[in-house]
Amino acid sequence: MKRCFPVLMLVALIILSLPSLAQADAEWKIKLNGDRSVKEIVTLDKAGLQSEYPTWKASQAGDKLVLTRSVSNAQTFNQETDRLPLELKVKDYGLWQNIEVHSLSTPVSAGVAAAFMNQVQGMRLIIQTSGPIGENSADSLADGSTATWQLKSPSSIYNEGILMKATVVDGFMMGIALFLLAFIIIAILFIRKINKTHKLIEEEYSLENLQPNAPDDQEENEEDK
């Protein structure tokens, strides 16, 4: 055992000196926006990944490497091969979407996600929405719209079923709908006011109101004769 100890110490020193993400505090953030787009932000304490990936934009923030990517909708997100083992299931109602985030068992084998899953420890997964989050398995929930999972290893995310359910409101479409609703209400009130005014005018100046004066006019005509 004493003879092996120097060798074990040497191996340990070599492992610790290698560039690795093993000690990195890594974060993968997914934003489900009201315009149906999906934005991902990957932050690493160490630049252990290569800085260029086809679908990602890289930048430096101090000693951190930040990778960002945006896609137009959930369907495009689900078609990406370079992503965490997550799937977005969407029911679109026009003004809002009901979204479920499912964890998959399919191994990740490409790009940033593969390096992330194979090398990172101490991962933080954040999913932020533009609407309320309902059922979820998150470790914490902030403002009802930001769910956070603290994972000892990215591999623990595999095959976890439904991670969360959320309602994402389309702010632009909701604004148009509220504007049209307000316009319709104002138009209805204006038409009702006009109709009421016309009715009052008709009642005030109708021929029926003038008929009681007819006998007096007839007497005046007889006196003239």
Close side-chain approach of [X] to [Y], heavy-atom, < 4.5 Å:
{"X": "Ile133", "Y": "Ile127", "result": "no"}
{"X": "Met123", "Y": "Leu84", "result": "yes"}
{"X": "Pro85", "Y": "Ile157", "result": "yes"}
{"X": "Val101", "Y": "Ile30", "result": "no"}
{"X": "Arg36", "Y": "Val90", "result": "no"}
{"X": "Ile99", "Y": "Thr129", "result": "no"}
{"X": "Trp56", "Y": "Val42", "result": "yes"}
{"X": "Leu67", "Y": "Glu40", "result": "no"}

Could you pull out all residues at least two apart from [X] that satisfy side-chain hydrogen bond (donor to acceptor under 3.5 Å, both in side chains)?
{"X": "Ser37", "answer": "Asn33, Asp35"}
{"X": "Asn98", "answer": "Thr167"}
{"X": "Ser137", "answer": "Trp149"}
{"X": "Ser103", "answer": "none"}

Side chain of Asp92, backbone of Gln97: donor and acceptor closer than 3.5 Å?
no
Taking Asn78 for its side chain and Glu87 for its backbone only, find out whether a donor-acceptor pair lies under 3.5 Å.
no
Shared ILVMFWY cluster between Val108 and Leu104, side chains joined below 4.5 angstrom?
no
Which residues pass the salt bridge (Lys or Arg N to Asp or Glu O under 4.0 Å) test with Glu80, not counting sequence neighbours?
Arg69
Start with the C-alpha distance between Thr43 and Lys29, add both sets of side-chain angles, then the distance that settles side chain to side chain contact (heavy atoms under 4.5 Å, CB included), and finish with yes or no.
CA-CA 8 Å; Thr43 305; Lys29 185 174 184 178; over 6 Å; no
What pairs of residues pass the salt bridge (Lys or Arg N to Asp or Glu O under 4.0 Å) test when at least one of them lies in residues 130-142, not counting sequence neighbours?
Glu135-Lys165
Are Trp28 and Val112 close enough, and set up right, to give a side chain to side chain contact (heavy atoms under 4.5 Å, CB included), and what steps lead you there?
CA-CA 11 Å; Trp28 196 302; Val112 178; 4.0 Å; yes
